[in-house]
Amino acid sequence: MARMPSVNPNFIGNESVMKSFLFLAAVVLITTTGFNTMWNSAKGIEGAWQLKTGTGEEVLLFVDGYFTLTTFNKDSKNFIQTRGGQYTLNNDQLFIQFEFDTKNSTVVGEEKTYSVKFNGDDLLSNLDGSQQTFTRIDDGKAPLAGVWNITSRMQDEKLVPIHRTGTRKTLKILSGKRFQWAAIDPGAKQFMGTGGGTYTFENGKYTEHIEFFSRDSSRVGASLSFDGKLENGDWHHSGLSSKGDKIYEVWSKINSVKQ
């Protein structure tokens with residue numbers, strides 16, 4: 001609850017001062033209440049959500065102000081579509097600034113508004129064009145949960161910073177149990193690839209279980225394990241890539257919403 005400013009008894013006889021005080025108190029209360037509503041709503045949507053259909057499933061990720069929605073069928077190894085970007089939530093309105101959309105790239109750079117309603121572990125939303133009910137998979141809380149961007153990699157036994165120009169980037173979004181990476185260029189409205197599924201991080205081992213892969217469906221069903229550690233807020237990720245190449249990468253968070 002917002003703390004109300006204390007009243008100086010000497011002010012009580014001054015009507016204009018009292019009116020100013022009451023106005024200030026109202027502004028503080030309204031502003032704080034509105035901020036808390038947005039904050040609590042954002043925390044309530046954090047994590048992973050799933051909708052199963054007859055032809056596959058849709059998975060929603062909301063992590064540290066970033067959103068993705070991906071449609072795929074892991075049984076047939078069929079990747080269908082994905083989209084994502086920055087989001088904010090105010091009560092039952094979800095605002096999304098799109099950074100990629102494989103179905104309609106013209107929306108990249110635009111902000112769209114959607115409806116959301118919570119019912120226990122269910123989320124009702126029109127994000128995919130019609131009202132659908134998604135079920136919570138996790139609450140977005142885990143040591144590696146966040147939105148990560150690769151910042152350096154090992155070359156000739158030395159960690160070399162990655163210097164980027166333009167708007168191209170590779171993101172890795174991790175909720176409590178699920179991951180998705182996306183190679184995108186929002187400035188050029190280009191999408192280069194994505195993959196994702198579930199992951200575990202235990203005893204210094206990070207393991208991905210791939211459920212969709214836009215470039216190569218043969219990788220669906222595979223599991224990849226890496227050495228992983230958090231050091232000074234960065235994620236050190238090492239092992240062998242899916243092609244068998246030795247890798248050592250450092251990933252850093254691009255957003256950080258305090259819980």
Side-chain angles (χ1 to χ4, degrees), residues 46-48 59 61-68 70 72 74 79 82 84 86 99-100 137-186 191-259:
E46 286 274 303
V59 172
L61 298 182
F62 291 98
V63 182
D64 282 4
Y66 208 89
F67 137 91
T68 64
T70 305
F72 61 96
K74 61 185 176 184
F79 167 79
T82 189
Q86 303 282 344
E99 291 195 336
F100 62 94
I137 302 173
D138 67 63
D139 60 6
K141 296 179 181 178
L144 287 180
V147 184
W148 303 85
N149 189 24
I150 187 169
T151 52
S152 60
R153 62 165 51 97
M154 190 74 73
Q155 293 180 355
D156 299 325
E157 304 302 320
K158 294 181 180 180
L159 272 176
V160 179
I162 296 175
H163 299 290
R164 291 181 177 83
T165 58
T167 55
R168 180 168 179 166
K169 55 187 174 181
T170 298
L171 302 177
K172 193 165 242 186
I173 304 100
L174 276 73
S175 66
K177 298 178 181 178
R178 296 197 65 90
F179 80 95
Q180 180 174 355
W181 63 266
I184 59 176
D185 188 338
F191 171 85
M192 280 70 78
T194 192
T198 63
Y199 79 92
T200 58
F201 180 50
E202 298 174 346
N203 301 318
K205 285 291 183 181
Y206 170 78
T207 302
E208 294 180 345
H209 308 283
I210 301 174
E211 294 186 349
F212 62 89
F213 201 107
S214 64
R215 298 176 184 168
D216 185 358
S217 62
S218 67
R219 298 188 188 181
V220 175
S223 295
L224 298 174
S225 291
F226 304 88
D227 293 326
K229 63 179 179 178
L230 289 171
E231 189 174 290
N232 297 323
D234 290 331
W235 173 18
H236 291 246
H237 179 83
S238 61
L240 298 178
S241 71
S242 58
K243 296 181 180 180
D245 299 326
K246 187 177 180 179
I247 62 171
Y248 191 114
E249 301 169 338
V250 178
W251 293 70
S252 303
K253 284 188 176 182
I254 63 170
N255 295 326
S256 183
V257 175
K258 302 297 182 183
Q259 299 296 317

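Considering every non-hydrogen atom in both Pro186 and Thr167, the closest pair reads CD-O, 3.2 Å. Taking every heavy atom of both residues into account, Phe226 and Leu224 meet most closely at CE1-CB, 3.7 Å. Shortest non-hydrogen contact noted between Asp138 and Lys177 is OD2-N, 3.0 Å. Nearest heavy atom pair, residue Leu230 against residue Pro143, reads CD1-O, 3.5 Å. Residues Gly228 and Phe201 come closest through the heavy atom pair O-CE1, 3.6 Å. Nearest heavy atom pair, residue Ser175 against residue Gly47, reads CB-C, 4.1 Å.
For the pair Asn232 (side chain) and Asp234 (backbone), a donor-acceptor distance under 3.5 Å is absent. Side-chain atoms of Arg219 do not come within 3.5 Å of backbone N or O of Gly195 as any donor-acceptor pair.
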Worked check of side chain to side chain donor-acceptor pair (under 3.5 Å) between Gln180 and Thr70: CA-CA 9 Å; Gln180 180 174 355; Thr70 305; 3.0 Å; yes
His237 and Tyr206: CA distance, side-chain angles, deciding distance, side chain to side chain donor-acceptor pair (under 3.5 Å) verdict: CA-CA 8 Å; His237 179 83; Tyr206 170 78; over 6 Å; no
Step-by-step side chain to side chain contact (heavy atoms under 4.5 Å, CB included) determination, Leu240 to Asp245: CA-CA 5 Å; Leu240 298 178; Asp245 299 326; over 6 Å; no
From CA spacing to verdict: side chain to side chain contact (heavy atoms under 4.5 Å, CB included), Asp139, Glu46: CA-CA 6 Å; Asp139 60 6; Glu46 286 274 303; over 6 Å; no
Arg178 vs Glu211, salt bridge (charged side-chain N to carboxylate O under 4.0 Å, His left out): CA-CA, chis, key distance, verdict: CA-CA 10 Å; Arg178 296 197 65 90; Glu211 294 186 349; 2.9 Å; yes
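Note: Phe179 CZ to Leu61 CG = 10.5 Å, rounded to the nearest 0.5 Å. If you take CD on Glu249 and CH2 on Trp251, they are separated by 6.0 Å, rounding to the nearest 0.5 Å. Atom CZ of Arg168 sits about 10.5 Å away from atom CD1 of Ile184, to the nearest 0.5 Å. Separating the CH2 atom in Trp235 from the NZ atom in Lys253 is a distance of 11.0 Å, to the nearest 0.5 Å. Rounding to the nearest 0.5 angstrom, the gap separating the NE2 atom in His236 from the CD atom in Glu231 is 4.0 Å.
With respect to the salt-bridge test (charged N to carboxylate O, under 4.0 angstrom), the residues Asp227 and Lys205 qualify. Under a 4.0 Å N-O distance rule, the pair Lys169/Glu99 qualifies as a salt bridge. Taking a cutoff of 4.0 Å between a charged side-chain nitrogen and a carboxylate oxygen, Glu208 and Lys172 qualify as a salt bridge.
Each of Trp181, Phe79, Phe72 was scored for a ring-ring contact (aromatic ring centres under 6.0 Å, His included) with Phe213, with one residue passing: Trp181.
Between Phe100 and Tyr66, the angle of the ring planes stays under 30°, which puts this pair in the parallel group of the 30/60° scheme.
For Tyr199 and His209, the ring centers are positioned 6.0 Å apart or more.
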Would you tabulate the side-chain donor-acceptor contacts of residues 145-162 under 3.5 Å, counting partners in other chains and residues two or more places apart, or write 'none'?
| residue | atom | partner | partner atom | Å |
| --- | --- | --- | --- | --- |
| Trp148 | NE1 | Leu144 | O | 2.9 |
| Thr151 | OG1 | Val250 | O | 3.1 |
| Thr151 | OG1 | Ser252 | OG | 3.2 |

